[in-house]
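Note sheet for the following structure.
The figures here come from the full heavy-atom set of this structure, side chains too, leaving out hydrogens, waters and symmetry mates. Numbering of residues begins at 1 and proceeds along the displayed sequence.
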Amino acid sequence: MSETFYLSRKNYEKLREELDALKKIKAQLSEEIGEAARQGDLKENAEYTAAKEKQAETLSKINDLEIRLRNTRITDDLDVDRSEARIGATVTIEDLSDGEQSVYTLVGSMESNPEAGLLSVKTPIATGLLGCKEGQIFEVALPRGKRKYKLVKLEYK
C-alpha cells in the first residue's frame, strides 16, 4: 500500500500549481525535441540531448507529484479529537530539564520545517506527544538521551 501524505489545503494547492507548471514545461520540451529532431543527425545534436534529459527529469517530477497528490489527505479536513495532540495541532511544549518552551504545529513529513515551527508527526518528539492532553508529561527517547516534556498548551487554529 502507498504511503499516505498529510498536507494543509494551502500546501496541497501549491503542489497542484507546481504540477500544472511542470505539465506546461513538458509540452514545451516536446516542441523543443521535435524541433531539434528536424535539424538532422540526433547523435551529435546537443539541443536534442539536453531537451531529452530535461524531459526525463520533468516526467519523473510529474510522476512523483501525481503519486503524492493522489495519496494526500488534507489535514484541514481530518476529524480528530481536539482534546489531544494530533496532526494539525499547534502545541507549546516545555523541556522539563531546562524549562525551555517551544511552539510547533504538528504536520505531515512533506511540510516539516522545525526552524519554522512545523514538526513532522514522525519525529521522536511528535511521536511521544501524539495523543497527549494539555498539562500531560511525556517522555521521548532522543539521540542525546531520554527527555521529559510537558504539553503546556494545545490549540487547533
Side-chain angles (χ1 to χ4, degrees), residues 1-33 51-157:
M1 184 169 169
S2 297
E3 178 182 359
T4 300
F5 300 98
Y6 293 93
L7 285 172
S8 64
R9 181 167 312 285
K10 176 180 147 189
N11 285 327
Y12 179 83
E13 292 305 325
K14 281 183 184 177
L15 284 183
R16 297 261 340 139
E17 290 170 11
E18 183 181 342
L19 178 61
D20 291 343
L22 285 170
K23 286 182 175 181
K24 287 177 185 172
I25 291 170
K26 175 186 159 199
Q28 290 170 344
L29 288 170
S30 292
E31 289 177 25
E32 289 177 23
I33 290 168
K52 287 295 280 184
E53 288 173 2
K54 180 78 171 164
Q55 183 185 47
E57 181 182 315
T58 302
L59 289 173
S60 176
K61 287 179 182 178
I62 287 171
N63 185 53
D64 182 53
L65 277 176
E66 286 177 337
I67 290 169
R68 287 176 183 263
L69 289 169
R70 192 170 36 250
N71 294 313
T72 292
R73 292 192 59 198
I74 308 291
T75 56
D76 306 17
D77 299 341
L78 295 176
D79 184 25
V80 296
D81 180 351
R82 293 179 179 262
S83 69
E84 298 178 343
R86 298 282 175 209
I87 194 165
T90 299
V91 297
T92 302
I93 60 172
E94 179 181 342
D95 184 333
L96 296 179
S97 66
D98 61 13
E100 184 178 328
Q101 290 192 356
S102 303
V103 178
Y104 296 109
T105 298
L106 302 178
V107 298
S109 57
M110 287 176 57
E111 292 181 286
S112 181
N113 183 350
E115 293 79 26
L118 302 173
L119 191 64
S120 168
V121 292
K122 294 185 177 185
T123 62
I125 290 176
T127 301
L129 179 61
L130 290 173
C132 289
K133 296 185 182 296
E134 201 168 88
Q136 191 171 341
I137 294 173
F138 60 99
E139 189 172 79
V140 179
L142 298 172
R144 63 183 186 256
K146 287 187 177 183
R147 303 286 281 239
K148 286 189 178 184
Y149 294 89
K150 179 178 182 179
L151 176 53
V152 177
K153 186 176 181 182
L154 170 67
E155 57 187 327
Y156 287 85
K157 298 179 180 180

Smallest separation among heavy atoms of Ala89 and Leu154, with atom names
CB-CD1, 3.7 Å
Check the pair Lys61 / Asp64 against side chain to side chain contact (heavy atoms under 4.5 Å, CB included), numbers first and verdict last.
CA-CA 5 Å; Lys61 287 179 182 178; Asp64 182 53; 5.6 Å; no
Go through the steps to decide whether Tyr149 and Ile125 satisfy the test side chain to side chain contact (heavy atoms under 4.5 Å, CB included), and finish with yes or no.
CA-CA 9 Å; Tyr149 294 89; Ile125 290 176; 3.7 Å; yes
Which value, rounded to the nearest 0.5 Å, describes the distance between Tyr104 atom OH and Asn113 atom CG?
11.0 Å
So Asn63 and Leu59, do their side chains get closer than 4.5 Å, heavy atoms only?
no
Rounded to the nearest 0.5 Å, how far does NZ of Lys14 lie from CD of Glu17?
9.0 Å
Side-chain contact, heavy-atom cut-off 4.5 Å: Lys122 with Ser112?
no
Under 3.5 Å, side chain of Gln55 to main-chain N/O of Leu29, donor-acceptor pair present?
no
Where is the tightest heavy-atom contact between Ser109 and Glu3, given as atom of each residue plus distance?
OG-OE2, 4.2 Å
For Arg9, all residues meeting salt bridge (charged side-chain N to carboxylate O under 4.0 Å, His left out), sequence neighbours excluded:
Asp77
A side-chain contact here means heavy atoms from C-beta on lying under 4.5 Å apart; do Leu7 and Arg68 qualify?
no
Within residues 86-95 or reaching into it, pairs that qualify as side chain to side chain donor-acceptor pair (under 3.5 Å) - sequence neighbours excluded
Glu84-Arg86, Thr90-Thr105, Asp95-Ser97, Asp95-Arg147
Dump the intermediate steps for side chain to side chain contact (heavy atoms under 4.5 Å, CB included) on Tyr12 and Leu69, then the final yes or no.
CA-CA 7 Å; Tyr12 179 83; Leu69 289 169; 3.4 Å; yes
All heavy atoms of Tyr156 vs all of Ala85, minimum pair found to be OH-C, 3.9 Å
Output, in order, the C-alpha distance, side-chain angles, deciding distance and verdict of side chain to side chain contact (heavy atoms under 4.5 Å, CB included) for Leu151 and Val91.
CA-CA 7 Å; Leu151 176 53; Val91 297; 3.7 Å; yes
Report, as yes or no, whether the 6.0 Å neighbourhood of atom NZ on Lys133 holds more than 12 heavy atoms from other residues, nucleotides or ligands.
yes
With the side chain counted from C-beta on, respond yes when Thr75 and Leu106 share a heavy-atom pair under 4.5 Å apart, and no when they do not.
no
Any donor and acceptor pair, going by atom type alone, linking the side chain of Ser60 with main-chain N or O of Ala56 inside 3.5 Å?
no
What's the shortest heavy-atom distance between Gly135 and Lys150, and which atoms?
O-CE, 3.6 Å
Rounded to the nearest 0.5 Å, how far does CG of Leu15 lie from OG1 of Thr72?
7.0 Å
Are the side chain of Glu111 and the backbone N or O of Ser8 linked by a donor-acceptor pair below 3.5 Å?
yes
Using every non-hydrogen atom in the two residues, find where Ala126 and Val121 come nearest and quote the distance to one decimal.
CB-CA, 3.6 Å
Side-chain heavy-atom pair Ile33, Lys52 within 4.5 angstrom cut-off
yes
What I'd like to find out is whether the side chain of Thr4 reaches to under 4.5 Å of the side chain of Asn71, using heavy atoms alone.
no
To the nearest 0.5 angstrom, please state how far the CD1 atom of Ile93 sits from the CD atom of Gln136.
13.0 Å
Where at least one partner belongs to residues 18-29, residue pairs that pass side chain to side chain donor-acceptor pair (under 3.5 Å), sequence neighbours excluded:
Lys23-Glu66
